[in-house]
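Report on one structure; see the data block that follows.
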2 protein chains.
Amino acid sequence: MRDLLILLELAQAGAHIAPCRLSSKTLATKLGVSQQTAARWLIDLERRGLVTRALDRRGQSVQLTKEGQATLHSAHQRLSSIFDARPRTLELKGSVTSGLGEGGYYMRQEGYRKQFKRLLGFEPYPGTLDVKLSNESRELKATLENLPGKRIDGFVTPERTFGQVKCFSAKLRGVRVAVVMPSRSAHADVIELISAKNLRKSLKLKGGDAVNVEVTI
Amino acid sequence: MRDLLILLELAQAGAHIAPCRLSSKTLATKLGVSQQTAARWLIDLERRGLVTRALDRRGQSVQLTKEGQATLHSAHQRLSSIFDARPRTLELKGSVTSGLGEGGYYMRQEGYRKQFKRLLGFEPYPGTLDVKLSNESRELKATLENLPGKRIDGFVTPERTFGQVKCFSAKLRGVRVAVVMPSRSAHADVIELISAKNLRKSLKLKGGDAVNVEVTI
DNA sequence: ATTACTAATGTACGAGTAA
DNA sequence: TTTACTCGTACATTAGTAA
């Protein structure tokens with residue numbers, strides 16, 4: 001929860017680039033807590049893989065790990081999406097997951113298909129690629145959930161009602177795709193991608209493959 | 001401490017622009033805490049003037065105050081200074097304060113003067129203009145304290161030892177100045193400015209005058 | 001100087017619940 | 001349904017130290 005402020009302080013001391021000598025007392029003063037608490041927080045960050053430390057008799061050197069940097073970067077992107085009005089791109093990281101095959105059922109509905117074609121400019125392949133998001137990206141998904149995106153209206157068939165969804169243009173390994181999600185935020189850690197072709201086949205993806213999705217917002 | 005994450009969530013829900021209907025339960029889910037805790041946090045933010053709320057029998061509307069927005073904006077600037085490599089400018093607001101006249105003593109030391117001339121390109125007037133920072137700018141000063149700046153080495157005279165300081169180029173009402181501060185962060189809410197001329201005279205400044213200092217970082 | 005343990009204290013959390 | 005109170009418990013923090 002308070003990771004962000006600690007990492008921010010560490011990064012401002014240069015620990016996002018190189019190992020940085022920083023005593024627990026100094027950090028404690030900057031953060032307004034006791035030396036003991038600052039030390040404990042650092043130990044905790046190290047245990048969770050957000051920083052690495054090197055101890056010696058003179059003190060310690062601290063450096064942010066990739067994950068630590070990713071945490072800060074994610075926060076920066078969230079803030080940027082608030083303060084920068086212009087269109088931006090947001091990078092979600094995750095891995096291909098098998099999913100429930102449920103997405104395909106929806107993508108076969110003509111009521112959705114014709115809207116996708118109009119809004120995205122391509123006829124979607126009747127299936128979805130599900131991507132399980134990494135820890136850092138999970139927070140960025142909240143950004144998407146709060147942005148309007150392109151609205152796909154709901155509709156009614158004799159069998160049932162289909163709810164409103166929204167989508168965002170995106171790129172996956174250079175291929176034009178779209179992120180589809182319910183308009184009412186279902187707070188899941190998985191995003192569903194659609195494209196003109198079968199993404200698993202055309203990109204030769206299999207479950208567990210790491211992927212980056214570049215979403216245009 | 002955790003204000004940032006709450007404000008971030010509120011802003012992503014649109015509460016930085018307009019009053020935003022948001023139940024404590026919804027917020028609680030987004031933040032991963034209980035409804036009671038989310039409610040308590042909101043009450044606390046309201047008490048400290050970071051948000052305003054409007055209660056009715058259906059629930060509540062929440063909106064960020066200027067101070068709430070400033071808190072987020074300050075965090076955004078700190079993060080931007082980390083991720084945007086290009087030179088940036090940081091704006092500190094405050095008012096002219098009389099100071100202790102102590103700065104002038106330091107600025108008369110030849111050990112400092114020759115270094116200032118070399119690093120800044122001008123011979124500093126032997127006095128400082130002290131600016132008491134506003135609340136929001138105080139946090140931004142932490143950014144400066146953590147940035148390297150231009151290093152002015154310490155030195156020893158027969159009388160005493162002078163510590164290492166650092167400085168940043170800046171502009172004050174269009175005039176080229178520099179912000180000087182100890183390398184070891186003395187967490188004060190005042191910054192000291194030096195310039196080629198007597199700033200009080202050349203800019204006709206007097207105690208209490210509001211000033212903006214544009215620092216190049 | 002440091003880091004970081006232990007023990008005592010303090011504070012925050014959420015269950016239950018009222019309005 | 002909401003918001004938000006009380007209160008017992010659990011966790012976080014710090015003082016005092018050891019290494």
Side-chain angles (χ1 to χ4, degrees), chain A residues 1-10 13-15 18-65 68 71 184-187, chain B residues 1-10 13-15 18-65 68 146 154 161 163-164 182-187:
Chain A
M1 190 100 208
R2 77 234 329 150
D3 294 356
L4 213 61
L5 286 174
I6 313 171
L7 291 173
L8 191 46
E9 208 61 62
L10 293 175
C20 176
R21 291 211 72 80
L22 185 68
S23 76
S24 55
K25 185 74 183 69
T26 309
L27 181 64
T29 307
K30 285 180 191 289
L31 293 169
V33 294
S34 70
Q35 172 270 323
Q36 292 89 335
T37 296
R40 199 161 31 76
W41 286 356
L42 278 179
I43 293 167
D44 196 49
L45 286 178
E46 185 181 35
R47 195 178 51 75
R48 289 184 294 138
L50 297 176
V51 306
T52 54
R53 293 188 309 149
L55 287 163
D56 55 48
R57 68 177 62 82
R58 286 177 180 178
Q60 63 186 337
S61 286
V62 187
Q63 183 170 20
L64 266 62
T65 62
T71 302
R184 305 230 180 139
S185 59
H187 223 53
Chain B
M1 191 98 207
R2 73 231 335 145
D3 294 356
L4 213 61
L5 286 173
I6 313 172
L7 291 172
L8 191 45
E9 206 62 61
L10 293 175
C20 176
R21 292 209 71 80
L22 185 68
S23 76
S24 54
K25 186 76 183 69
T26 309
L27 181 64
T29 307
K30 285 182 192 288
L31 293 170
V33 294
S34 70
Q35 172 271 324
Q36 291 91 333
T37 296
R40 203 155 30 76
W41 287 356
L42 277 178
I43 292 167
D44 195 49
L45 286 178
E46 185 182 34
R47 194 178 51 75
R48 290 184 292 138
L50 298 176
V51 305
T52 54
R53 293 188 310 148
L55 287 163
D56 55 47
R57 68 177 62 81
R58 286 177 179 177
Q60 63 187 333
S61 287
V62 187
Q63 183 171 18
L64 265 61
T65 63
N146 286 316
T161 298
Q164 187 186 99
S183 287
R184 303 233 179 138
S185 59
H187 226 53

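Here the structure is a predicted model, which means the values were calculated and not measured. To find a chain, count down the sequence lines: A is the first, B the second, and so on, and within it residues start at 1.
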Problem set entry | A/Leu27 CG - C/dA4 P separation (whole Å) | 13 Å
Problem set entry | Contact under 4.0 Å: A/Arg53 side-chain N or O vs C/dA4 OP1/OP2 | yes
Problem set entry | Note, B/Asp3 side chain near B/Arg48 side chain (heavy atom, < 4.5 Å) | yes
Exercise. For C/dT3, does OP1 or OP2 lie under 4.0 Å from any side-chain N or O of A/Ser24?
Worked result: yes
Problem set entry | Candidate pair A/Leu27 and A/Leu10, rule side-chain contact (heavy atoms from CB on, under 4.5 Å), full reasoning | CA-CA 8 Å; A/Leu27 181 64; A/Leu10 293 175; 4.3 Å; yes
For this session: Give the C-alpha distance, both sets of side-chain angles, the deciding distance and a yes or no for side-chain contact (heavy atoms from CB on, under 4.5 Å) between A/Leu64 and A/Thr71.
Result: CA-CA 10 Å; A/Leu64 266 62; A/Thr71 302; over 6 Å; no
For this session: Send over the distance from B/Gln35 CD to D/dC5 P, rounded to a whole Å.
Result: 11 Å
Exercise. Contacts to DNA chain D from residues 36-45 of chain B, heavy-atom cutoff under 4.0 Å, which residues?
Worked result: B/Gln36, B/Ile43
Exercise. Would you say B/Thr65's side chain and B/Gly49's backbone share a donor-acceptor pair under 3.5 angstrom?
Worked result: yes
Problem set entry | Distance, rounded to the nearest Å, where B/Leu22 contributes CG and D/dA4 contributes P | 13 Å
Considering only nitrogen or oxygen atoms on both sides, find all protein atoms under 3.5 Å from nucleotides 8-11 of chain C and state each distance.
none

Problem set entry | Within-4.5 Å side-chain heavy-atom neighbours: A/Leu42 and A/Gln60 | yes
Seminar exercise, completed: Atom CZ of B/Arg21 and atom P of D/dT1 are separated, to the nearest Å, by 16 Å
Seminar exercise, completed: In DNA chain C, consecutive runs of at least three Watson-Crick or G-U pairs below 3.5 Å, as range with range, amount to C:2-19 with D:2-19
Problem set entry | Salt bridge flag under 4.0 Å for residues A/Arg21 and A/Asp56 | yes
Exercise. Any donor-acceptor pair under 3.5 Å linking the side chain of B/Gln63 with the backbone of B/Cys20?
Worked result: no
For this session: Evaluate the side-chain proximity of A/Trp41 to A/Val33: yes if any heavy-atom separation is below 4.5 Å, no if none is.
Result: yes
For this session: Please report, rounded to the nearest Å, how far the C1' atom of D/dT3 is from the CG atom of B/Leu55.
Result: 7 Å
Problem set entry | Heavy-atom pair of closest approach, residues A/Val62 and A/Ala15 | O-CB, 3.6 Å
Exercise. CZ/B/Arg2 to CG/A/Leu5 distance, rounded to the nearest 0.5 angstrom?
Worked result: 10.5 Å
For this session: For A/Gln60, answer base if it contacts any base atom (sugar-phosphate contacts may also be present), sugar-phosphate if it contacts only those atoms, and nothing otherwise; contact means non-hydrogen atoms under 4.0 Å.
Result: sugar-phosphate
Exercise. Yes or no on side-chain contact (heavy atoms from CB on, under 4.5 Å) for B/Asp44 and B/Arg40, after CA distance, side-chain angles and deciding distance?
Worked result: CA-CA 6 Å; B/Asp44 195 49; B/Arg40 203 155 30 76; over 6 Å; no
Problem set entry | Sugar-phosphate, base or nothing in reach of A/Arg2, heavy atoms under 4.0 Å | sugar-phosphate
Problem set entry | Length of the line joining B/Leu31:CG and C/dA12:P, which is rounded to integer Å | 17 Å
